[in-house]
Structures are given as structure tokens and as C-alpha cells.
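All values below were derived from every heavy atom in this structure, side-chain atoms included, with hydrogens, water molecules and symmetry-related copies excluded. On a predicted model such as this, the values are computed, not experimentally measured, just so you know.
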Amino acid sequence: MTSGVSMGKAVRALVVVACLSSSVWVSTQKAAAENRPSPASLPAGVSTTSPAIVPNIIPLNQIHEGMMGTALTVFQGVKVEPMGVEVLGVLRNVNGPKGDIILVRLHGAKPEYTGVVAGMSGSPVYFDGKLAGALAFRIGEFSKEPIAGVTPIEEMLEISAMDHSPAPATALPASASGGNSANRNEASPSANAPTASPGENTRLSNNYSDNNNYTNYLKPIETPLVFNGFSADTLQRYGAQFAAAGIVPVMGIGSASDRKQPEPIEAGSAVSAVLVRGDMDIAATCTVTYVDPQRLLACGHPLLQFGEVDLPMTKAEVVATLPSPMNAFKIVNTTETVGAFVQDRQNGIMGIPGRESKMIPVTVAMHIQGERGSDRAAVTTKEFHYEVLNNARLSPLAMMATVFNALHGTNEYGEDITYRMNGVLSVKGYPDVTLRNTFAPLDNGQPAAALAAATIGERFGRIYSNPLDVPDVQAVKLDFDLVRERRSARLEAARTDMTEARPGDQIMVETVIRPYRGERLVRQIPIRIPTSTSKGTLRILVSDGDTLDRIHRGTPMMSRSLGLAPTIALLNKERANDRVYVSLIESDPEAMVADKVMPTLPLSVMNVMENMRGTQDMIVLGESSVSEASTEPLDYVVSGAQMLTINIK
């Protein structure tokens, strides 16, 4: 009789396996060809077949000691000013293999007073009216002379040859695209490191570099990534993660607006790359080396060296240049958007005038109930609207920092605040990713806002790290109900109403939950034992949702090669954290194929499935969850787990 039951189980399981194998979703990436713009939509003088405009340059082999030239930059406002340049020599292989630089001394009242200034990188250098390269490096700290390194223009022009981005779909006005700036360029007299910053934040950059057992006196001129609208607590919390991504945040040396700036971009103008814009802003500013109607080259060293990027390109106004022996820098306001940066390489960044950058629109709404003693029914809403860059490495981190900043940087924030989150992450062509949970402060001092931000960042990371499909994230909308107390509870005890049962019986699990500084709550959870349950000991897991998710997910979950569809399906199946779950666990193995679960598999079926490992993305767990039940939502963030046993007769 037992062998017959086992054989029946095996046959049924094999049928399920066969059905699942034929229905498991297989992802395919569709490449959509973008339409080339009509000639009328391009800047004047440029057609879809126009060859790249070649600037009038002087090659590196014609540069020698003693040559005198001119460099261009902005010290205040938008006016480009010249400064003298004297060649001290050429340094070979100091910027990577075959990476040469021209060592120069700057002359003139302003550069001799300010020194080499953060934000000056990219300033074009000319000899005999020919473009030689871009100021990009400084030598040492506290230098008594303005000595700088110049990236040769030949190495920056290589970036144009590497670019395969689509032509711009919209044209810029003449003022935005630079007018006849190509003629100005021809006639006018890095090492990959974290983007450094002026002021105290330089210490973070140095700490980040302390892991390197060497000293480098040749450093890229700083291109500060200025954070506006962020609290100091936000940058302290996420500063190390930004530093690990090559960004050292800096505050207080600029701002952002979308006001029109009628002056055209030209060689020597300030230009900014934007990572976040709206009610919060992150932008980096350097100097234009070369611009024509088709492209713009700037910086002379990388921002982040991410290769292909898609970042809004804006004009910028220099409010002031602050001299300092330690770290002089420009205070900058970013203004109107004029295109997009598409390349971030070892020897500079490249932008396309007129191109629109695809950002991810984000809305964070906070719904706040009235204070005690006031009208408790009155609810006020605060909304934050902004856009974040579309980048697999930085978007999850940018989402975490901006969400935490929105929740933390308001008058309503407090240590015992609880947030109920309800939101969606929209991915083109797929179901929305549901973002629904409750967050309360932990005993270790972790604030609820940080927990909410970490959850959102983790969801973003799972979407962006997909190895099979390229996600097209359309928007993120988050609603938070703010509760002015700590709504957390711990599972204190659990027991069953019987010690023995038969297959098909219903048992009652009684749980005791202890809220933070509150009275105990008793909740009963009925659950039925499946009729197929084997005789012997049956384990009963009583736990919070996160514990159950980790068990079902399995250790290899994050490394599984799932497409976006099953990944989103798994994310949307994850359990809420505001209830207690009861799960019946048997010792038979359980298999997961994509987002499908096959519990209690007999050995004969497992042997068949072992042969499927090379064709299906499958993991096997040593035990199966055969039934599950939960309490109703408790309005508390529940944590804790206990294991019970019952004998099946």
C-alpha cells in the first residue's frame, strides 16, 4: 500500500514537472531600432550623413618645453577668460599605459591667486590657435605654483570614435547648441579615482583611498558632485556607499535651477552632468574642452568611468571661485538642460547637444495625520517630485538616498515614527512591482526611514541586476502613511492545541505577540494538515514574513539566472511584515523552477530533475512547505520565529 502511494506521488509530480518545464517563461531581449531624425530636426549645418567635424589641433609630438599658449575657463558668471600657459614638459605613461600628459604652469593674476581650481578640469589649452588638450590634473597638495597636467586632445577625440549612441531626436536653439562655436574652438587663443570634493568631505575621499598602498601626487582636478536638498544625516548614512561607487558627495557650493541661460556654450564654458534633478539635485560641473553642433567634450578625465551613460547635460553659471591652498573650487549654479552626456571615459566625457536623457520620474507622498489633541481626522500631504539617473550601478543607491532624505528631512520626522508604504515600480512590458510594507524603528537604533529606503534599493537592485533582460523602468510612485508612534511587535510565544493529529485535521496555533511598550496580544491561526502528509513528526514554523521568505527563497536566490518576468513574480509574492505566518514543513525536498514551487518531491522525481539542472534554472531545498496560513494584518511590524512539532498518526 505504501509503495503504491509513493508511486502515485511520483507519477503526479512527474506530470507537474513536465507541465512546468513547458510553461517556464523564457526571456528574449528585443532590440528596437530607433528612427533616425530628419535633417530638419538637426542643428543647422548638420545632416544625418554629415561627417564628424575635425577640430584644428596640435599633436602631442609637436609639444615641447618652453612653448607659450592660452587656456580658457570661467572664474565668475558665464564669461570665458584666458590665462597664460607655459609648457614644462611631457610626462609619458603617467595616465595609464600610453597615457601621456603635458605638464604646464598657469600664468595670470587670477590663476596665480586661486591656483588650480576644482571645476577647472576640461579647460581647453591652445598653442598657436590650435587645440592641444584639456587641463585635467593637479600636482600634490598645497602647491605654491599653479602647475597642472593637460590631457592631449588626441586621446579625448578617441571618445567620439567609441560612441555609437543614436542621433539626437530634437534640435537645440542656436544659443543652446553653441552657434558657430566650432569656429571659436579653432581660432581661440586620470586616473580613475572617486570624484573628489572641496571642504571637509575631502577627508572621505582620502579615507576611501587609504586602502591603496601607494602615493599618487598626480590627481585629477576635482569635479565636485554637489548634493542639493539633502540633509547631512543622509550623506553621513550613504556617503561610504557613494564613495565605493566613485562619488564623494559635497554640499553647500552651488545650487540648481532650470532657468534659461541665453549665452551659448563655448570652449571654456562651465557645463554640468546631472544625476538627480527636481526637489533634490545631484550634479557635477567641469569645463568644456571642445564643442561643435554634433558633440561636446569636457573634463579631460572621467566622472565615474562608467563607459556609456545617459545623463542630462546642462549649462552652468559660476557664482564665485574660492581660492584655497588646500582645495580651491568654483561655486556653481546649474541652469537649463541642453543635451545629454553619453560617454564617460578615461580621458573625458562626451555629450550630444539636443539629445534628451531618459531619467526615472519618482513621486514620494507623505500622508500625515493630525497631532494628538488636534483634529486627528485631518490629514496633510507632502509630496516630493524628482528624477534619478537610469544606471544599473547608481540608480538603486540614488533611490535609497533620495527616499531616506525625503522621509528624514521633514519636520514630522522622529525616532519613533512608523511608515506604512504602498507604492509601485513600473517596468515597461511587465507587471508593476508592488512596494507594500510597514517599517518601524529597530531596537539597534536603525530608523524606519532607513529600513524603507533599504527595501526600495533592494527591489531596484534585483530589477537592474537581471542577467537576461534589460529593464526599462518607467516610474516609481511611493505613498507613505506616517504614524506618530513605534508600531513594532515581537513574537513572544506559540503553541498548538494538540500534540497529535491525522492527515486532513485542522489544528489551531495560538500565538502571543508583544507590542513595543504595549499589552500582549493573543491571536489564533487555524491551519489544515494536508491529506498527503506522511506519518511521523511534522514541524510547524511560526514566524514573521521575512523569515519565511528567506527559507523559501533559498541561499542561491540572488545568483539565479531568472528573467525579469519571474523575478517580478517572485518579488510580488513576498510576504507582508505586519502579520504572523504558520507554515507546515515536511522533510521531503522541494524544487523551484523559475518562480514555480514543487513541494514534497519523491526521490525518483528528484533523480529526473537532477538531469534538468543544465536546461532549467532550478534550485532544490532540503525540505518542503506544504501548507501556510496567517493572521489578519496586525498594524504592527512583527518579528520573531519559533518552531513547533506535532506527531502525525
- Ring centers of Y238, F227 separated by less than 6.0 Å: no
- Should R487 and D578 count as an ion pair when the cut-off is N to O under 4.0 Å? no
- Item | D635 bridged to R420 by N-O distance under 4.0 Å | yes
- Under the ring pair (Phe, Tyr, Trp, His ring centres under 6.0 Å) rule, collect the residues that match up with F460, sequence neighbours excluded. Y464
- Give every residue pair that meets the disulfide (SG to SG under 2.5 Å) criterion with at least one member in residues 274-306, sequence neighbours excluded. C286-C299
- Item | Flag, side chain of N228 to backbone of D281, donor-acceptor distance under 3.5 Å | no
- Task: Just jot down the ring pair (Phe, Tyr, Trp, His ring centres under 6.0 Å) partners of Y581, sequence neighbours excluded, or say none.
- Result: none
- Message: Test your reading of the model: is there a side-chain donor-acceptor pair from D549 to the backbone of R575, 3.5 Å cut-off?
- Response: yes
- Note on the structure: Those residues at least two apart in sequence (or on a different chain) that pass side-chain hydrogen bond (donor to acceptor under 3.5 Å, both in side chains) with E158 are none
- Query: Going through the distances and angles, do R550 and D546 end up as a salt bridge (charged side-chain N to carboxylate O under 4.0 Å, His left out)?
  - Reply: CA-CA 6 Å; R550 288 199 303 268; D546 186 56; 2.3 Å; yes
- Does D258 use its side chain to pair, donor to acceptor, with the backbone of T337 at less than 3.5 Å? no
- Message: Going by side-chain hydrogen bond (donor to acceptor under 3.5 Å, both in side chains), name the residues that satisfy it together with E155, two or more places apart in sequence or in a different chain.
- Response: none
- Message: If we ignore hydrogens and angles and just use 3.5 Å, is the side chain of D432 paired with the main-chain N or O of T434 as donor and acceptor?
- Response: no
- Item | Flag, side chain of T438 to backbone of Y636, donor-acceptor distance under 3.5 Å | no
- Query: If only atom types and distance count, is the side chain of N466 paired as donor or acceptor with the main-chain N or O of L468 below 3.5 Å?
  - Reply: yes
- Message: Quick check against the 3.5 Å criterion: does T289 have a side-chain atom that pairs as donor or acceptor with the backbone of G122?
- Response: yes
- Message: Going by side-chain hydrogen bond (donor to acceptor under 3.5 Å, both in side chains), H367 matches just one of T380, N422, D479. Which one?
- Response: D479
- State whether the side chain of D310 and the backbone N or O of K358 hold a donor-acceptor pair below 3.5 Å, judged by distance alone. yes
- Query: By side-chain contact (heavy atoms from CB on, under 4.5 Å), which residues pair with T335, not counting sequence neighbours?
  - Reply: S257, R259, Q261, K315
- Under 3.5 Å: donor-acceptor pair, side chain of N333, backbone of S255: yes
